[in-house]
Asks: 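Sharing a structure, written as structure tokens. Questions coming.
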Amino acid sequence: MEIYFQLIRDGEGLLAACEELKKEEFVGFDTETTELDPYDGDIRLVQFSSGKQNYVIDLKPFRDRGNLRDSAELAPLRDLLFADKPFKVAHNAKFDAKWIRHHLGTEIGGIYDTFLASQLIAAGDQDRRHSLADVAQFFTGTELDKTEQISDWGADELSHSQLEYAARDAAVMVQLREKMDERLELDGLTRVSRLEFECVMPIAELELNGCYLDEGRWREQLEKVKIAQAKAADELQDMLSAGVAQASLFGRAEINLDSQPQVTDALRNLGVPVPDTTRAWVLQPLAEKFPVVGKLLEYRGVAKMLGSFGENILEFIKPATRRIHADFRQIGAPTGRFACSNPNLQQIPHEEAYRRCFIAGEGKKLVIADYSQIELRILADFSHDENFIKAFESGADFHSTAAAQVFGVKPEDVTPEQRSFAKRLNFGVVYGMGASRFAEMTGITLAEGEATLRRYFTTYRGLDSWLRQAAEKAVNNRESRAASGRMIRMRYDENDPSSKGNVRRNGKNAPIQGTSADILKRALRLLHDSLRSTSGKLVNIVHDEIIVECDAAEAESTSALVENAMRTAGEEFITRVPIKIDIAIAAEWAK
DNA sequence: GTGAAGGGCCAC
DNA sequence: AAACGTGGCCCTTCAC
């Protein structure tokens with residue numbers, strides 16, 4: 001397929017192209033780069049398409065004439081990118097946004113991301129693929145050849161084939177957006193799509209900013225765990241080999257302590273009645289009677305820390321910035337939650353020993369803010385439940401207040417056990433927990449569990465009926481919706497007896513978890529806008545938590561901006577329940 | 001050698 | 001041996 005395009009290599013051509021593009025509502029947009037990470041390579045091409053005309057801007061001649069960030073002849077390009085109109089239609093715009101931000105020094109206004117749009121439309125359907133080639137095929141029937149994608153974009157002279165490929169990737173975006181926009185509208189996803197698109201730039205900056213990990217502190221902690229691990233391994237090895245006949249003759253029979261089958265075997269030799277799984281909650285009750293089980297759990301704990309949170313994390317520190325730049329997938333879960341990897345900064349142990357290793361840079365502070373009980377507040381708002389809402393309005397400790405309501409005692413008379421029961425119930429209902437599970441984990445009988453659950457839902461009748469309705473809707477409609485309109489498709493297999501229960505539980509949880517994600521994403525956008533002229537930089541997010549690094553002198557004002565953005569975002573979705581934000585200024589990620 | 005699958009466990 | 005939701009990472013095992 002021949003594509004006509006205009007190759008731009010000088011300021012004059014660039015200005016003319018930008019003047020034309022400015023007239024459009026939407027322009028196709030793409031970049032070609034020499035590496036995947038903006039800290040590692042150069043940006044070579046920037047491509048636009050108005051739908052009528054395609055432009056390929058070769059940045060190499062501009063770079064040869066001076067620094068891209070300072071180049072005056074690139075001003076029209078920066079202005080075009082920065083402006084909210086025209087919308088820049090890109091596939092996985094986070095990628096392009098990072099390169100533009102880092103190499104041209106401007107953020108991108110007006111992003112329309114067909115990658116995110118595709119994920120919103122698929123709404124969790126695992127069978128759908130989201131590469132540009134797949135999405136173009138699905139929505140426009142166009143076959144795209146991506147073989148040039150991995151070609152050498154650092155070459156002095158780019159081939160005609162490379163330039164044509166580059167031009168085409170921008171050119172397809174215009175029609176693709178039209179098709180996808182129709183679909184978004186039909187599926188009621190327009191609002192959530194804008195929410196997602198506006199969140200791209202904050203996440204691009206989050207990844208560029210990275211977070212600072214104190215390598216010395218981390219290694220100190222690592223050494224402690226290493227010693228504990230070696231000790232636990234040695235002791236466990238001793239205890240396990242006691243049941244092996246050869247041990248006395250040939251010394252200790254070493255087994256692989258990380259091997260589930262070998263450990264199970266050894267435990268059974270010792271007379272421990274181990275079921276087929278050896279997960280912690282199964283072993284826990286056996287630990288009292290069999291000390292070896294307790295030792296195994298101790299070993300597992302330290303081994304996990306050493307494996308997942310050991311030396312490996314340090315390898316993610318980028319030499320160029322001396323910071324960790326994790327990957328954040330904006331629609332990481334069908335509920336809209338983020339997923340994070342390389343490394344996953346959302347699963348750093350809560351223990352202070354680990355969190356305190358993530359520190360503010362020199363002369364900086366961290367503003368650490370999280371939504372208090374956001375999912376329960378969403379549930380209260382959705383269900384209109386009078387008592388549940390009252391418990392939040394009182395402003396007192398929520399689980400204690402709930403315990404007082406459920407068990408019919410005065411707030412000051414709530415026992416620690418009652419509070420603990422209420423807390424488990426409060427969290428459990430969000431996940432669609434049943435009586436048997438509740439009884440299991442609190443150590444009461446099934447009958448007592450059922451009675452307690454009944455009591456809970458009698459106290460919160462509105463909550464009960466909302467959860468039932470949410471479950472029914474999910475089964476009947478095969479989908480759930482979050483407050484933004486975000487759709488979560490339910491996979492329902494009528495031949496699978498467990499399927500209906502799965503869908504019912506999902507139906508209760510998905511709108512809540514999805515709305516929590518909506519609120520965080522809206523907050524990130526508002527925050528991004530309010531931090532623009534300050535020293536504040538977004539450095540981490542964990543589902544309901546935002547961490548900003550700023551100049552120490554600006555900590556108080558930054559804290560106010562963060563709180564304001566989070567509150568405003570919360571109040572856009574939740575109106576019947578107050579939003580509460582816990583916020584702290586600290587030198588390290590620990591409170 | 002390498003990759004997928006399964007078990008296990010960290011976060012919210 | 002989870003009928004408590006969403007992820008990612010580490011380790012072992014096993015097939016190719």
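Letters go in sequence order (proteins before strands), and every chain restarts at 1. Both backbone and side-chain heavy atoms feed into the values below; hydrogens, waters and symmetry mates do not.
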Asks: Does a distance-only test, which skips hydrogens and angles, find a donor-acceptor pair under 3.5 Å between the side chain of A:R437 and the base of C:dA3?
Replies: no
Asks: Consider the side chain of A:S259, meaning its heavy atoms from C-beta on, and name the nucleotide among C:dT13, C:dG8, C:dT6 that approaches it most closely.
Replies: C:dT13
Asks: Would you mind telling me which of C:dC10, C:dC4, C:dT13 lies closest to the side-chain atoms of A:M441?
Replies: C:dC4
Asks: A:R337 side chain: which of C:dC4, B:dC12, C:dT13 is closest?
Replies: B:dC12
Asks: Could you tell me how far B:dA5 sits from C:dC4 if I compare only their P atoms? Round to whole Å.
Replies: 26 Å
Asks: Any donor-acceptor pair, under 3.5 Å, between the side chain of A:K304 and the base of B:dC9, if you only look at N and O atoms?
Replies: yes
Asks: Which nucleotide in the list B:dA11, C:dA1, C:dC9 gets nearest to the side chain of A:T277?
Replies: C:dA1
Asks: Can you tell whether the side chains of A:R522 and A:E572 come within less than 4.0 Å, N to carboxylate O?
Replies: yes
Asks: Please verify the inter-ring angle class for A:F388 with A:Y460; under 30° counts as parallel, over 60° as perpendicular, anything in between as tilted.
Replies: perpendicular
Asks: Both A:V430 and A:P275 contact DNA chain C. Taking the nearest nucleotide for each, which residue is further toward the 5' end?
Replies: A:P275
Asks: Please check if the distance between the ring centroids of A:F427 and A:H399 is under 6.0 Å.
Replies: yes
Asks: Quick check: any donor-acceptor pair below 3.5 Å linking the side-chain of A:R300 to the base of B:dC9?
Replies: no
Asks: Can you see whether A:D397 engages A:S400 through a side-chain donor-acceptor pair at a distance of less than 3.5 angstrom?
Replies: yes
Asks: Which residue, A:W281 or A:S308, contacts DNA chain C at a nucleotide closer to its 5' end, judged by nearest heavy atom?
Replies: A:W281
Asks: Which of the following nucleotides, C:dT12, B:dG7, C:dG7, is nearest to the side chain of A:A333?
Replies: C:dG7
